[in-house]
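Shown next, in structure tokens, is the structure this report addresses.
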Amino acid sequence: MSDWDHSENFYSILNVSREATDEELKNAYRRMCVMYHPDKHHDEASKKEAERLFAKIHSAYSTLIDPHRRVLYNLHGAKAFTSGVELAPYYTTLAEMKADFEMKKKLMEEERQMAIANAQVKMIAEVDATALLREKEYEGDSTLYSLLMDVELTALSVSQSIETPLTERSSLGVSGALVSKNGRGSGNCTMTLSHRHSDSTQMEATVGFGGGRTVMLKLTRSLAAGIVAIFDATAQEVDMGNAIGIGFGCSAALYRNLGTHAFGLLKWQVGMDSHMATRVHYARENFNVSGAIKLGEQNDSIGVTVKRNITDSTIATGSIGMDLDEVRFAIGISHELASKTSFGISLRLGLSSGVTVRFRYSRRQQEYTVPVRVSEALTVESIVWASIVPVALYVAVRKFIILPYYQAEEKSRLAEQRRKNMVVVAEKKREALAAVRLMQQAVARKVEAEKRVNGLVITSALYGRLVASNTSDDANVEPPVDVTIPLQCLVKDSQLRLHASSKASIVGFYDPCPDEPKQLRVRYEFKGNLHEVTIDDHEELKIPLRKHALA
């Protein structure tokens, strides 16, 4: 074992909290010296095991007692004191090591290229399904085949953008889009050169082709802490029927922080699409709301959007907007399927646009959107169909396709992870059993002392996977670890406290299933009564407590 094991928690080794004082650290270290100092063991085998264990205890203490090293450890863990990366011990052949190295190299290169290019892809496929709710003239028109034939793809657009650095202060962005709508196609391409002149000033120049050539200059400047000004000027070709003209426009915007959780934006634009606009955004950890108002020559509008985190992976959205020709209302929900992968459904209602259901799937920097227009007018029937059918479809797809797929992926990942961890777990198990042998005699004396005062005696304790999982093959999980003796060793004055961190680094413990959920179940006697408690790995444990008593 290396002198610095990155998986070890120094606070758990000494069984102290992260806020422990120097005095508490010294007291914990003294107690462990009494138990594990090599001079306390005379048998040669026990002495060697004690030397290994005491080296780990001393490393933890010497790190935490030093203020500077303790700050480094709190920030970066034990890797703060090492250089380089150790090879994992699970390789069985040179070919396996090479294959794993090449795979990691490939992933790192892909991530590097993605970071450099910052590529983003968006696709929107607009579907017209209004024919499904129209009344059919003939009975034969109501067959499933005829209904599906009435569903049309009315528009398809694909856009992609990349951005790559040229120098430390400059970058070049290129974006393009292709659009096909009602049998007609179009496209455009833009290039943007950005340069950060200073920490407070950034300049951009953009040229665009397709759909009218465009030139835009933009200046962004930080005026003070929390205040940013944005200026831009645009010249664009405009189709005037018999000729091509040039339209000009310029705008000025002011962004300002309105507090810890809010910011506001004021914008004034003249020339093309002259208008004044303001926007206010307020955000907290699980809730945010924004409102916007626009007053202009062509159209006035007002809107409010609210987002709320229902769970860590589910977000609900509601919005209402109004302009001179339309009143719009939308509700939606999005769910994180996996890391950087989400799926969302929203229902959008408009007085003139009718009823639309919008599906959105995003993965990393790719986004796919399918708006399905259900009805041209607001009717009870169309709203009910647009509400029930997509939700039922999503529930069915999620239950029978999405969840089984990700559960299979998770099982495969856990199986590979367990294979890689076999050697590490075996070594940790050997160290834990050696520590238990060193403490057995002292624990036996401690149990007798506790029994004489009718105090705290741990009758059994198990640590590991105690609760079944829906995504893992529990038959292949390492069985829970018997930690009865290590826990009894930590009892002091008929009390036991384990702090809110993983228990795997406690002396005499080991992690039987790394990176998987674990629990600790303790059964103990106190004052002649039997008690039992089960906690999650990172929960704090305090015993004895009356609420743990068994009836």
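The analysis underlying the following values was restricted to heavy atoms, covering all of them including side chains, and did not include hydrogens, waters or symmetry mates. These numbers come from a predicted model, not from an experiment.
Residues E450 and E525 are not in side-chain contact: their nearest non-hydrogen atoms beyond the backbone lie 4.5 Å or more apart. Between L487 and V522, some side-chain heavy-atom pair lies under the 4.5 Å cut-off. Within the 4.5 Å cutoff, side-chain heavy atoms of N27 are placed close to those of E23. Inter-residue side-chain proximity for I13 and I506 is flagged as unmet; no heavy-atom pair is nearer than 4.5 Å. Residues P486 and V436 form a side-chain contact, since some pair of their non-hydrogen atoms from C-beta on lies under 4.5 Å apart. Considering only heavy atoms from C-beta on, F526 comes within 4.5 Å of H531 through its side chain. Between T317 and V306, every side-chain heavy-atom pair lies at or beyond the 4.5 Å cut-off. You'll find the side chain of R358 reaches within 4.5 Å of the side chain of T369, heavy atoms only.
No donor-acceptor pair under 3.5 Å is formed between the side chain of E49 and the backbone N or O of A434. For N421 (side chain) and V424 (main-chain N/O), no donor-acceptor pair under 3.5 Å exists by modelled atom type. Proximity of a side-chain donor or acceptor of K503 to a complementary backbone N or O of Y510 within less than 3.5 Å is not detected. Within the 3.5 Å criterion, the main-chain N or O of M35 finds no donor-acceptor partner in the side chain of K40. In this structure, the side chain of T314 does not engage the main chain of T311 through any donor-acceptor pair within 3.5 Å. Looking at N9, its side chain does come within 3.5 Å of a backbone N or O of Y11 through a donor-acceptor pair.
The number of heavy atoms from other shown groups lying within 6.0 Å of CG (D39) is above 12. By the neighbour-count criterion of 12 heavy atoms within 6.0 Å, atom NE2 of H58 is sparsely surrounded, having that number or fewer from other residues, nucleotides or ligands. By the 6.0 Å contact criterion, CZ on R256 is open, its count of non-hydrogen atoms from other residues, nucleotides or ligands being 12 or less.
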Please test R445 against E448 for salt bridge (Lys or Arg N to Asp or Glu O under 4.0 Å), starting from the C-alpha separation and ending with a verdict. CA-CA 5 Å; R445 291 193 295 270; E448 291 300 320; over 6 Å; no
Step-by-step salt bridge (Lys or Arg N to Asp or Glu O under 4.0 Å) determination, E431 to K56: CA-CA 11 Å; E431 293 178 3; K56 180 194 296 186; 3.4 Å; yes
Apply side-chain contact (heavy atoms from CB on, under 4.5 Å) to F359 and V372, showing your working. CA-CA 8 Å; F359 301 89; V372 180; 4.0 Å; yes
Under the criterion side-chain contact (heavy atoms from CB on, under 4.5 Å), I'd like the reasoning laid out for V533 against R521: C-alpha separation, chi angles, the key distance, then a yes or no. CA-CA 6 Å; V533 58; R521 180 173 297 149; over 6 Å; no
Go through Y255 and I227 one step at a time and tell me if the side-chain contact (heavy atoms from CB on, under 4.5 Å) criterion holds. CA-CA 6 Å; Y255 167 100; I227 303 176; over 6 Å; no
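In summary, the side chains of Q417 and R413 do present a donor paired with an acceptor at a separation below 3.5 Å, with no hydrogens or angles considered. Side chains of T484 and S460: a donor-acceptor N/O pair is absent below 3.5 angstrom, by distance only. Side-chain atoms of S342 and S362 form a donor-acceptor pair, as typed in the model, at a separation below 3.5 Å. Side-chain atoms of S194 and R196 include no donor-acceptor pair closer than 3.5 Å. At a cut-off of 3.5 Å, with distance as the only test, a side-chain donor of E163 or S171 sits close to an acceptor on the other residue. With hydrogens and angles left out, the side-chain atoms of S502 and H538 include no donor and acceptor closer than 3.5 Å. Between the side chains of E336 and T341, no donor-acceptor pair is found at a separation under 3.5 Å. Using a 3.5 Å distance cut-off with no hydrogens or angles, the side chains of Q407 and Y405 do not pair a donor with an acceptor.
Taking the six-membered ring for Trp and the full ring otherwise, the centers of H281 and F263 sit less than 6.0 Å from each other. Between Y36 and F54, the gap from one ring centroid to the other reaches at least 6.0 Å.
Note on ring orientation: taking the six-membered ring where Trp is involved, the planes of Y29 and Y61 are parallel (angle under 30°, cut-offs 30° and 60°). Ring pair Y524/H548 is perpendicular by interplanar angle, where above 60° counts as perpendicular and below 30° as parallel.
For R497 and E540, the salt-bridge test passes: some basic side-chain N is under 4.0 Å from an acidic carboxylate O. Looking at E51 and K48, no side-chain N of the basic residue comes within less than 4.0 Å of a carboxylate O on the acidic one, giving no salt bridge. Between E427 and R430 there is a salt bridge, since a side-chain N of the basic residue sits under 4.0 Å from a carboxylate O of the acidic one.
Between I331 atom CD1 and S387 atom OG the span is 6.0 Å, to the nearest 0.5 Å. A distance of 7.0 Å separates CZ in F329 from CG in L349, rounded to the nearest 0.5 Å. The CD1 atom of I485 lies 12.5 Å from the CG atom of L490; values are rounded to the nearest 0.5 Å. Atom NZ of K307 is separated from atom CG of N286 by 14.0 Å, given to the nearest 0.5 angstrom.
Screening K518, R465, R418 for a salt bridge (charged side-chain N to carboxylate O under 4.0 Å, His left out) involving D511 leaves a single residue, K518.
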